[in-house]
Amino acid sequence: MTITTQSPTATPLPPEPAVIHEHYDMVVIGGGINGTAIARAAACLGLSVLLCQAQDLATGYSSNNPYFVTAGLNDLRHLRLAKLASHYRAIGQLKHSAPHLLRPINSVEYHPKHWSWPLLDAVHGLWQHPSAVVPQPSWRQPAELTAKANTGYQVLDFRFTLANALAAKAAGATIATRHRLTEGNRNQGLWQLALADPKGRVHRINTQILINATGGHVQEVIRTQLQRDTRAGIKQLRLSHLILANTINLSSAVFYHSNTQQRIGLTPINQDWLHFGPLISPQEGPLIQQQMNQDEADLLSQLRTLSDNAFNLNDVKLCKTGLRAVCDDGTRADLSDLVLDFECPDGQSPLVNLLGGDLLGSYTTAKRVLRLVAPYLPKHCRNKKPTKQSLPGGDIESVKQLVTELSASFAGLPQPLLQRLAGTYGELTYSILGNAKQLKHLGQDFGHGLYQAEVNYLIAEEWAKTAEDILARRNGLSLHFSSEETEKLQNYMNSVLGE
């Protein structure tokens with residue numbers, strides 16, 4: 001491990017804007033988990049890749065819904081064995097590439113009674129991690145359901161997205177945040193695109209392969225920016241979660257599975273806050289974040305019918321919503337199903353639109369996309385395979401072992417700070433702390449364990465430009481910060497960025 005020798009409190013220079021070249025082998029539109037995973041895999045093959053995102057990375061579904069990995073009981077119960085096998089392979093890949101982003105958690109899951117329960121019990125026995133403890137939540141059990149103790153992992157979805165973007169950058173990809181696609185069309189076997197940067201300048205580029213991984217906005221991009229029609233029917237869905245005060249001190253998760261395969265749960269974020277959801281409903285028009293509508297009010301009412309503990313509007317910190325675009329062909333009930341809408345009428349410049357998909361399957365998604373466009377890749381890239389190396393920060397044995405090593409190297413820093421940094425950034429924590437020996441070496445204290453050294457790192461290395469970028473999509477501290485504290489952080493960032 002090479003530890004940064006620069007003082008972590010040195011005010012960083014504003015990061016250089018992304019250098020946009022005239023030609024790329026592949027352009028990926030969308031900076032969520034699918035887009036960053038594809039950009040990483042393509043760059044590791046040796047392709048010249050541009051990933052552009054209209055806003056910050058992970059601003060959509062990739063950071064607005066909690067991700068909880070379980071044993072895949074629904075797939076087993078409905079005998080989706082191929083999908084179950086893929087599920088376990090993906091878990092193994094995630095444990096290998098980013099162990100610091102997996103947080104073990106116990107749960108109780110309420111399922112409809114089914115003939116396959118003995119088989120499910122056997123799978124449970126193989127899946128349980130060693131620290132499994134059966135939680136006893138105060139939760140009403142409907143008569144038609146059976147309770148099963150389970151264990152799983154919470155995944156820091158926004159950090160997983162950022163780690164893929166960092167890996168793509170390290171492999172040579174250009175990451176252009178806050179660059180919006182304004183138009184695109186085919187001309188002489190290439191896609192010709194126009195991108196507007198934050199200052200309103202227009203960059204005109206061309207590419208052989210175009211990937212539309214804009215999540216819930218995929219249809220808007222197809223129709224508005226690319227001025228095309230899709231062959232696949234697209235349904236836009238709104239997935240909503242309530243963030244509630246953890247007034248019941250819940251430390252385990254509770255999930256309810258209905259006969260329609262919908263899954264709704266109460267999941268602790270930490271000792272102070274809970275996620276409740278998702279509520280899935282059709283969405284028409286633009287999404288207004290953090291605005292509770294009648295459907296979300298009904299979601300809170302549903303919680304009251306399932307829990308012996310009363311929750312009310314005063315317990316709601318905010319409503320988090322994300323958009324999903326799924327293939328609406330009448331045969332797909334599972335939202336995690338991925339459909340690749342491929343078109344290449346000129347035989348030279350393919351377009352791939354991604355519908356559905358999920359975080360756990362993002363590595364498989366990237367492989368599928370690359371296989372699909374393989375005939376259009378440069379010859380020296382066609383036979384290569386995507387990398388399986390650890391993501392940035394993930395080259396560690398475990399978070400516990402990393403904390404032990406950090407405690408030895410940074411004995412003058414408090415243990416809670418080291419634990420938070422290790423569980424958020426993994427091995428990248430060394431780049432944040434540099435040569436700090438005491439808290440005063442970390443610079444200005446913005447509150448809740450956030451110091452100038454971490455902010456400087458995120459500005460310089462992880463494309464952070466606003467306080468929300470850091471608190472909501474880099475370290476997850478947004479629920480702890482007051483408006484005054486957030487403003488203080490933003491003022492400092494403005495001074496660094498010259499804005």
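Model, not experiment: these values are computed from the prediction. If you read the sequence from its start, that first residue is 1, and numbering goes on from there. Quick note: numbers below take in every heavy atom, side chains included, and nothing from hydrogens, waters or symmetry partners.
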* To do: Would you check if the side chain of Thr429 reaches a backbone N or O of Gly426 as a donor-acceptor pair within less than 3.5 Å?
  => yes
* Beyond-backbone contact of Val369 with Asn34, side-chain heavy atoms, under 4.5 angstrom -> no
* Under 3.5 Å, side chain of His448 to main-chain N/O of His480, donor-acceptor pair present? -> yes
* Side chains of Asn353 and Val221 in contact at under 4.5 Å (non-hydrogen atoms) -> no
* Asked: Looking at side-chain heavy atoms only, is the closest gap between Val399 and Gln419 below 4.5 Å?
  -> no
* Would the number of heavy atoms belonging to other residues, nucleotides or ligands and lying under 6.0 Å from NZ of Lys488 be above 12? -> yes
* Structure fact -> Across all chains, not counting sequence neighbours, the salt bridge (charged side-chain N to carboxylate O under 4.0 Å, His left out) partners of Arg473 are Asp56, Glu468, Asp469
* Structure fact -> Residues at least two apart in sequence or cross-chain that pass ring pair (Phe, Tyr, Trp, His ring centres under 6.0 Å) with Tyr376, listed by chain then number, are none
* Do the non-hydrogen side-chain atoms of Leu195 and Val27 ever get within less than 4.5 Å of each other? -> no
* **Distance (rounded to the nearest 0.5 Å) between Asp358 CG and Thr365 OG1** => 7.0 Å
* Structure fact -> dist Leu102:CG -> Ile91:CD1 (nearest 0.5 Å) comes out at 9.0 Å
* Asked: Given the rule in the side chain to side chain contact (heavy atoms under 4.5 Å, CB included) test, do Leu51 and Leu57 qualify, once you have shown the distances and angles that lead to the verdict?
  -> CA-CA 10 Å; Leu51 183 146; Leu57 297 170; 4.1 Å; yes
* **Student check: side-chain heavy atoms of Ile29 and Cys52 closer than 4.5 Å** => yes
* Angle class for the His275/His241 ring planes (parallel below 30°, perpendicular above 60°, tilted otherwise)? -> perpendicular
* Residues that Leu497 engages under side-chain contact (heavy atoms from CB on, under 4.5 Å), provided they are two or more places apart -> Pro15, Ile459, Lys465, Glu499
* Are side-chain heavy atoms of His179 and Pro198 found at a separation under 4.5 Å? -> yes
* To do: Give a yes or no on whether Glu487 atom CD has more than 12 heavy-atom contacts from other residues, nucleotides or ligands under 6.0 Å away.
  => no
* Is the closest side-chain heavy-atom distance between Arg89 and Thr364 below 4.5 Å? -> no
* Of all residues at least two apart in sequence or in a different chain, which pass the ring pair (Phe, Tyr, Trp, His ring centres under 6.0 Å) check with His100? -> none
* Asn456 and Tyr492: side-chain donor and acceptor closer than 3.5 Å? -> yes
* To do: Using the side chain to side chain contact (heavy atoms under 4.5 Å, CB included) rule, take Asn270 and Leu479 through it: C-alpha gap first, then chi angles, then the decisive distance, then the call.
  => CA-CA 10 Å; Asn270 51 40; Leu479 293 173; 5.6 Å; no
* Residues in side-chain hydrogen bond (donor to acceptor under 3.5 Å, both in side chains) with His21, at least two apart? -> none
* Considering residues at least two apart in sequence or located in another chain, which fulfil the side-chain hydrogen bond (donor to acceptor under 3.5 Å, both in side chains) criterion with Gln208? -> none
* **Whether Trp191 side chain and Ser349 backbone form a donor-acceptor pair below 3.5 Å** => yes
* To do: Classify the angle between the aromatic ring planes of Tyr457 and Tyr425 as parallel (below 30°), tilted (30 to 60°) or perpendicular (above 60°).
  => perpendicular
* In chain order, what residues pass the side-chain contact (heavy atoms from CB on, under 4.5 Å) check against Ala467, with sequence neighbours excluded? -> Thr486, Leu489, Gln490
* Are side-chain N/O atoms of Gln53 and Thr59 paired as donor and acceptor at under 3.5 Å? -> yes
* **Set of residues satisfying salt bridge (charged side-chain N to carboxylate O under 4.0 Å, His left out) with respect to Arg420, sequence neighbours excluded** => Glu454
* **Contact check, side chains of Leu417 and Leu442, non-hydrogen atoms, under 4.5 Å** => yes
* Going by the side chain to side chain donor-acceptor pair (under 3.5 Å) test, which pairs reach into residues 23-32, not counting sequence neighbours? -> His23-Asn206, Asp25-Ser48
* Salt bridge check: are Glu462 and Lys169 linked by an N-O gap of less than 4.0 Å? -> no
* **Side-chain (Gln236) to main-chain (Gly216) donor-acceptor, under 3.5 angstrom** => yes
* Asked: Which distance, rounded to the nearest 0.5 Å, do you find between the CG of Leu351 and the OG1 of Thr207?
  -> 11.0 Å
* Structure fact -> In this structure, CE of Met26 is separated from CG of Leu370 (nearest 0.5 Å) by 5.5 Å
* Kindly write out the residues that satisfy salt bridge (charged side-chain N to carboxylate O under 4.0 Å, His left out) with Arg180, not counting sequence neighbours, or none if the list is empty. => none
* salt bridge (charged side-chain N to carboxylate O under 4.0 Å, His left out) pairs, two or more places apart, involving residues 192-201 -> Asp197-Arg201
* Between the main-chain N or O of Asn185 and the side-chain N or O of Arg228, is there a donor-acceptor pair closer than 3.5 Å? -> no
* **Inter-residue atom distance Leu101.CG - Leu94.CG, 0.5 Å rounding** => 7.0 Å
* Can you list the residues that meet the side-chain hydrogen bond (donor to acceptor under 3.5 Å, both in side chains) rule with Asp395, with sequence neighbours excluded? -> none
* Structure fact -> To the nearest 0.5 Å, atom OG1 of Thr177 lies from atom CH2 of Trp463 at 8.0 Å
